[in-house]
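Scroll down for the structure; my scribbles are underneath it.
Naming convention: chains lettered A, B, ... in sequence-line order (proteins, then strands); numbering from 1 in each chain. Scope of the values below: all heavy atoms of this structure, side chains included, with no hydrogens, waters or symmetry mates.
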There are 2 protein chains.
Amino acid sequence: MRRTTLKDLAEMLQISTSTVSRALKNHPDISNAVKTKVKEAAETFNYVPNDFAVNFRKKSSKVIGLIVPEITMFFIPSIINGISSVLNKEGYHFFILSSNDSFDTEKEHLETCINSRVDGILISLTNETKDSEHLKKLKEMEIPAIIFDKTVPKSIFESVIFDNVKNAELCADKLINHGCKNILGIFGDENLEITQSRLVSFETRIKQFPGIILNIIYCQSADLVKEKLDILLNDDSIDGFFAMSDETLMGLHSSLIKRSLNNTNKKVVSISEGTLPKYLDETYEYQINDGYEMGTIAAKKLMDNIKTLYTDNFIDSNKCYYL
Amino acid sequence: MRRTTLKDLAEMLQISTSTVSRALKNHPDISNAVKTKVKEAAETFNYVPNDFAVNFRKKSSKVIGLIVPEITMFFIPSIINGISSVLNKEGYHFFILSSNDSFDTEKEHLETCINSRVDGILISLTNETKDSEHLKKLKEMEIPAIIFDKTVPKSIFESVIFDNVKNAELCADKLINHGCKNILGIFGDENLEITQSRLVSFETRIKQFPGIILNIIYCQSADLVKEKLDILLNDDSIDGFFAMSDETLMGLHSSLIKRSLNNTNKKVVSISEGTLPKYLDETYEYQINDGYEMGTIAAKKLMDNIKTLYTDNFIDSNKCYYL
DNA sequence: TTGAAAGCGCTACCAA
DNA sequence: TTGGTAGCGCTTTCAA
């Protein structure tokens, strides 16, 4: 279907394209008479500016690339909300690209962003990423970038990160103030910088109080938290828990609930969107409405539609697929 | 910074742009000699095709619009993963647009997608959306679309939804098989179709067993689940729980953990990315690393960078901001 | 096997 | 206040 263009409007109104263009953007040079005339025509003929042409001409895409190491339930929703709230106001949009914690994928995504001429990049680095060498190209290309959350020492771009030291210390203080004497600190992957900085700061603070016993466990995943805790919780003398992140907290949760339910023989059954189950345990039974599966199916159907659009046998259906 | 173009390569090699273009995409007409020559030049001069021009020419953006009613921790991560897994393979990207459960915003996003000439749309409708009238324009414009999860009766596009009836029934069966006699069903917003269909199906199944007592509560939010449960859980005779979604389950969780911790006087303190706290209760103390805040700050910094890029006082800094 | 050239739709410069 | 027009970088048709 051919869409109305500036030229179409110009011909219809017997004026030049430049006049139409300017009228549409309220250029002060244009008389009100012409402006209203043009706008009416644009309205009635359903004129929509072609962003391709505009971008091409202006060399600006109004698109930002968001590259993250992984798509988790803890961080992604809030970060997306935060970013949207700022960008949408300014007329920008953003792609989400997940590196799946692979440095190579991260590099690929960076290329993709460069190729599609994004106006800027927001990036959180993978654990495999050791320096910001691969970001140098962005500097050359003059593509602004901001690193957030996961960064590297002496990065070449501005970055926004959490103050792990301060926060871990504050947490330690809370437990201390509650008078906890036997504390369990639940930490994530031992090899990550983020774990180390939180650990050191938490431990240092606690150690200032000789009367307090501190036990530390490292868990690469929420699953491991559960496993280790199922044993540790038998020690009923633990009176304070510190979870270094939402993920470790979910592991702790799971164990606590399991114990409380096992004592009572109560059953919980749930319909789940597919996100919680991997963080909870077999105490629960789920009927899973898997968002991942829905996403793949919907996307596949869409791809099919797009492909057949260019052939003669375009399927115009309104079928409903049940999962 | 001016980037290398096809024309640049053509001039350097003293051949035509069409030959360069064809050589780069391995067109059979072009001799191998020329192909290698061109490719080498492209490599050394860091040639990157200008997607703006390509899109413009081809009238295809390789971009999909994803419109969702809200960005939640339960559904968004899994749906994004699912969609990415399919689209990225095909060289497509997608924008995420959140309607914030407003029909008007949904319509705006639809306009945005049309204007930016997306190749297709994946959309989950808001609760305010009562029919698919506003989607008709997509048909006119020949923009393929797939509706997922939240849809409306007799929609004009294909849709992918969960089988609520089946899943709620299966959940009922599980509790029945466990021999539960006093069941609490925790449902979400009473006015939503999704709640009603799960409720009817669950209730119908349970009612087939006259010996079972079924209590139903509706909770518009996880907060309300907690509130109501804090009272209900005093009734220790409840031996089976059904949570109709991850969100209601989180509410149940929260109450269960609260009870189990209150009995023991144990304390939990956690550093959180900002997503869990709204689903848990005051039993926990958080030091919040707020992803939302990080997102807004990072995005704002990026906008600043982009804007100053076009002025003379471009800030080339690598400052680090701590939250 | 290669080249010339038109043209996608828009913006912006220069001229009137 | 308006019009003419060049040109963004690429693809593709037609001609050589």
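The aromatic rings of B/Phe56 and A/Phe56 lie tilted to each other, with the angle between the two planes from 30° to 60°.
From B/Lys59, atom NZ reaches atom CZ of A/Phe52 across 8.5 Å, with rounding to the nearest 0.5 Å. Taken to the nearest 0.5 Å, the NE2 atom of A/His109 stands 11.5 Å off from the CD1 atom of A/Ile121.
Residue A/Ser21 places at least one side-chain N or O closer than 4.0 Å to OP1 or OP2 of C/dT11. Residue A/Lys7 places none of its side-chain N or O atoms closer than 4.0 Å to OP1 or OP2 of C/dG7. Phosphate contact (OP1/OP2 of C/dT1, side-chain N/O of B/Thr19, threshold under 4.0 Å): absent. For the pair B/Tyr47 and D/dC10, the criterion of a side-chain N or O lying under 4.0 Å from OP1 or OP2 is met. Side-chain nitrogen and oxygen atoms of B/Ser31 include at least one within less than 4.0 Å of the OP1 or OP2 phosphate oxygen of C/dT2. One finds a side-chain N or O of A/Ser16 lying less than 4.0 angstrom from the OP1 or OP2 phosphate oxygen of D/dG3.
Between A/Glu140 and A/Lys137 there is no salt bridge, since no side-chain N of the basic residue sits under 4.0 Å from a carboxylate O of the acidic one.
For a distance-only test at 3.5 Å, the side chain of B/Ser18 qualifies as a donor-acceptor partner of the base of C/dA4. The base of D/dG9 has none of its N or O atoms less than 3.5 Å from a complementary donor or acceptor on the side chain of B/Arg3.
Between A/Leu6 atom CG and D/dA6 atom P there is a gap of 18 Å when expressed in whole angstrom units. At whole-Å resolution of the value, CG in B/Asn55 and P in C/dG9 are 14 Å apart. For the pair A/Leu24 CG and C/dG9 P, the interatomic distance rounds to 16 Å; values are reported in whole Å. Here the P atom of nucleotide C/dA12 and the CZ atom of A/Arg57 are 6 Å apart, to the nearest Å. Across the protein-nucleic acid pair, A/Arg117 atom CZ and D/dG9 atom C1' stand 9 Å apart, rounded to whole Å. As a whole-Å value, the separation of B/Leu9 CG from D/dG9 C1' is 12 Å. If you take NE2 of B/His27 and C1' of D/dC10, they are 15 Å apart, rounded to a whole angstrom. Rounded to whole Å, atom P of C/dA15 lies 14 Å from atom CZ of A/Arg22.
With contacts defined as side-chain heavy-atom distances shorter than 4.5 Å, the pair A/Asn50/A/Arg3 does not qualify.
Side chain of A/Ile15, nearest nucleotide from D/dG9, D/dG3, C/dT11: D/dG3. The nucleotide whose nearest atom lies closest to any side-chain atom of B/Lys59 is, among D/dC10, C/dT11, C/dC8, C/dC8.
Between the side chains of A/Thr129 and A/Thr126, a donor-acceptor pair is found at a separation under 3.5 Å.
A/Lys35 comes within 4.0 angstrom of nothing in the nucleic acid, heavy atoms only. Counting non-hydrogen atoms under 4.0 angstrom, B/Asp29 reaches a base of the nucleic acid.
Remark: ring of B/Phe56 stacked against base of C/dC8; centroid gap under 5.5 Å, plane tilt under 30°.
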